[in-house]
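Below: one structure, written as structure tokens.
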Amino acid sequence: MNRKTAVWLLIPAFFGVLVFTFFPLIEIAIPTFQSQAGFFSLYTQFLKSSYNWTVIGRTFLIAVLTVIIVLILGLPISLWIGRQKKTVRQVLNLLILFPMLTNAVVRNFAWIIILGRDGIINKLLLSLHLIKAPLNILYTNTSIIIGSVYLFLPIMINTLIGSVAELNVEIEEAAAVLGSSPWHTLFKVIIPQLATSILTGCILVFAGTMTAYTTPQILGGNRHLVMATLIYQQAMTLGNWQNASVIALILIVISALSMWLMKRLSYRLDRRMTNA
Amino acid sequence: MANLEVKNLAKSYDGKTKVLQDISFTIENGELVSILGPSGCGKTTTLRIIAGLIQETAGQILVNGKDITKTPVYKRNFGMVFQSYALFPHLSVFDNVAFGLKMHKLSKQEINEKVSGILEMTGLSDLASQFPAQLSGGQQQRVSLARALVTNPEMLLMDEPLSNLDAKLRLKMREEIRKLQQEMKMTVLFVTHDQQECFAISDKVLIMNQGRIEQFDRPENIFHHPRTEYVARFIGYDNFIPVNADNRQDSYHIAVKGTRLTTEENNENAKVLTIRPENIQLNADSTENTLTGTITGREYLGQSFKYTIHSELGDFQVEEARQKMRSSGDEVKLTLRAKHLHPLSE
Ligand SMILES: Nc1ncnc2c1ncn2[C@@H]1O[C@H](COP(=O)(O)OP(=O)(O)O)[C@@H](O)[C@H]1O
Ligand SMILES: [Mg+2]
């Protein structure tokens with residue numbers, strides 16, 4: 001197939017992206033700049049409110065903490081699964097992806113049962129006399145983070161397993177023979193080789209958590225809004241569509257910027273290892 | 001550099017199959033010893049146990065008389081060159097080579113000096129800032145050698161280091177390895193399945209078969225005095241004449257099916273006599289160990305011709321360097337000189 005036909009074949013997809021992704025975005029963006037008070041006035045107004053900054057900060061914090069926890073949990077699990085025989089690996093990978101096939105709302109309600117005042121965790125801690133009164137876990141940042149970790153851990157693991165399986169074990173053995181302890185090998189030999197996949201996993205989890213709606217809605221309640229739930233509140237409860245659009249765009253900019261930064265980092269790592 | 005003693009090593013991966021059995025040998029300081037054997041005979045397993053990468057089932061490893069069997073791999077201070085080179089893909093050539101020195105907590109200046117020195121020695125100075133993925137196979141091989149040598153290890157372990165290189169480069173690298181080994185007076189254990197390669201560079205050769213040592217000796221001794229039929233076959237003795245007690249006349253004379261054969265070596269324990277194809281003479285002017293046969297097959301080898309000759313003692317493989325090829329069906333006289341006819345006891 002030559003270049004010319006390839007270009008022709010791409011045209012439908014091009015219009016698809018234009019119509020379904022680009023136009024709606026413009027549609028949202030335009031009104032946010034049409035305020036009488038000035039071009040950016042809606043944005044400056046939004047950013048003047050300290051409450052809004054709290055929400056932005058919370059969204060960011062939850063995303064960052066979720067990424068960190070998912071990575072800390074996901075890396076050892078992936079290292080273990082990635083080193084199994086191919087058939088075992090595939091079965092475990094399926095099991096890990098299985099929760100993603102169930103409905104997100106259902107999964108989050110499961111966490112309400114686990115984390116609530118009368119939930120399993122509180123009952124357990126009370127019966128062990130580790131606490132005197134039930135803990136408030138539900139409807140806090142903590143519960144949102146727990147839900148997000150649960151939601152995105154499979155994605156991280158799934159991203160890492162393939163790369164772990166492809167690692168040449170002799171490279172780690174070479175490090176050991178040269179005097180590298182197992183921990184040193186993990187941090188200086190294994191993780192650097194997985195850097196690109198780790199970054200990819202982080203980008204996916206970060207973007208996912210930043211923009212997730214269901215989990216913070218169900219597990220965060222009304223007092224712990226994140227940007228996605230704030231958008232919903234502005235639009236559906238207050239009917240302030242303009243403001244909702246402003247937040248949406250800010251969210252897009254923050255997510256895109258963070259992803260671009262991570263992507264650049266990963267590109268630099270990648271170039272070193274695969275340049276021929 | 002040090003001497004290595006391996007005592008009664010045994011290994012089983014699954015608790016049933018014995019991959020190694022009763023492996024014992026000693027490598028003296030400054031020697032290059034090769035382990036030679038077919039694929040799957042346990043060469044890599046032996047090397048990896050010595051390095052400490054896998055656990056032996058039984059036996060001991062001593063370096064300079066000190067038992068290191070329980071020492072973990074990262075505290076053994078060996079150098080190792082892997083078949084896949086196993087370079088760190090995320091580190092430059094310089095940092096690959098510096099890795100072991102950093103583990104030994106050398107100062108930055110010392111590291112710089114040593115790395116530059118070894119890169120110079122292995123002809124890699126210009127590539128110091130390149131990454132492994134940018135290097136050719138031969139260059140990667142050199143980096144892996146430099147990385148193993150720079151820490152001044154007790155001994156160097158090499159697992160088929162040349163098997164991924166093309167024939168020409170393989171010849172060149174094996175000379176380089178030998179030269180480097182002699183200059184630095186290194187103790188080296190070299191694993192290979194290439195007989196020629198191994199005889200060319202080794203002080204001693206250890207021939208392995210199914211997890212056991214068949215013979216451990218200097219290459220020339222193995223070549224001229226193979227201990228077992230297995231070794232003889234492995235190094236190109238193609239002719240085997242089975243003998244038993246009834247055939248024996250005295251310690252130096254055997255009569256098989258009416259043919260009287262004399263050996264120079266004592267044949268008291270012989271189960272079989274062997275001779276190399278190129279050591280059988282055709283139509284020689286001699287009556288020493290002679291028999292007659294008919295040419296049934298022939299092959300052109302370039303320098304020589306190879307014949308299959310049928311005789312009353314069975315088929316013989318004979319290599320003859322001669323201008324003119326003999327014809328199939330020709331009757332010839334074979335002379336098996338006593339000095340080339342080796343009795344084997346196993
Ligand atoms: N990790 C392992 N688990 C089980 N069996 C193994 C393992 N490594 C090697 N073996 C078996 O041990 C035998 C010797 O293998 P190896 O030492 O690699 O031989 P070589 O290096 O001479 O080709 C082979 O039969 C091989 O199948
Ligand atoms: Mg091997």
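Reminder, nothing fancy here: chain letters follow the sequence lines and each chain counts from 1. Since we're looking at a predicted model, the values are computed, not measured.
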Atom CD of B/Glu120 with >12 non-hydrogen neighbours under 6.0 angstrom
no
Does any backbone or side-chain atom of B/Leu87 lie under 4.5 Å from a heavy atom of chain A? Answer side chain, backbone, both or neither.
backbone
Side chain, backbone, both or neither: which part of B/Arg48 has a non-hydrogen atom closer than 4.5 Å to chain A?
side chain
Distance-only donor-acceptor hits, side chain of residues 61-80 of chain A, under 3.5 Å, sequence neighbours excluded:
| residue | atom | partner | partner atom | Å |
| --- | --- | --- | --- | --- |
| A/Thr66 | OG1 | A/Ile62 | O | 2.6 |
| A/Ser78 | OG | A/Gly74 | O | 2.5 |

Does B/Asp166, at its CG atom, have more than 12 non-hydrogen atoms belonging to other residues, nucleotides or ligands within less than 6.0 Å?
yes
Give a yes or no on this: more than 12 heavy atoms of other residues, nucleotides or ligands lie within 6.0 Å of atom CZ of A/Arg83.
yes
Which atom of A/Ile171 lies closest to which atom of B/Pro89, heavy atoms considered
CD1-CD, 3.9 Å
Taking distance alone, no hydrogens or angles, what donor-acceptor pairs closer than 3.5 Å link side-chain atoms of residues 88-102 of chain A to residues at least two apart or in another chain?
| residue | atom | partner | partner atom | Å |
| --- | --- | --- | --- | --- |
| A/Asn93 | ND2 | A/Asn158 | OD1 | 3.1 |
| A/Thr102 | OG1 | A/Pro99 | O | 2.6 |
| A/Thr102 | OG1 | A/Arg107 | NE | 3.4 |

Over 12 non-hydrogen atoms of neighbours within 6.0 angstrom of CZ in A/Phe22:
no
Of all heavy-atom pairs linking A/Ala174 and B/Ala86, the shortest is CB-O, 3.8 Å
Would the distance check show the side chain of B/His90 and the main-chain N or O of A/Lys188 forming a donor-acceptor pair, the cut-off being under 3.5 Å?
yes
For chain A, find which of B/Gly79, B/Ser144, B/Ser84, B/Ala51 contributes the most heavy-atom pairs closer than 4.5 angstrom.
B/Ser84
Partners meeting salt bridge (Lys or Arg N to Asp or Glu O under 4.0 Å) with A/Arg58 (sequence neighbours left out):
none
Assess whether side-chain contact (heavy atoms from CB on, under 4.5 Å) is satisfied between A/Val189 and B/Phe99, documenting all intermediate values.
CA-CA 10 Å; A/Val189 178; B/Phe99 189 94; 3.8 Å; yes
I need the residue from B/Lys75, B/Arg76, B/Arg147 with the largest number of non-hydrogen atom pairs under 4.5 Å to chain A.
B/Arg147
Student check: side-chain heavy atoms of A/Leu178 and B/Phe88 closer than 4.5 Å
yes
Under 6.0 Å from the OH atom of B/Tyr13, do we count more than 12 heavy atoms belonging to anything else shown?
yes
Interatomic distance, OG@A/Ser181 vs OH@B/Tyr74, rounded to 0.5 Å, equals 6.0 Å
Could you tell me whether A/Phe60 atom CZ has more than 12 heavy atoms of other residues or ligands within 6.0 Å of it?
no
Report, in residue-number order, which members of residues 101-115 of chain B are under 4.5 Å from chain A by heavy-atom distance.
B/Met103, B/His104
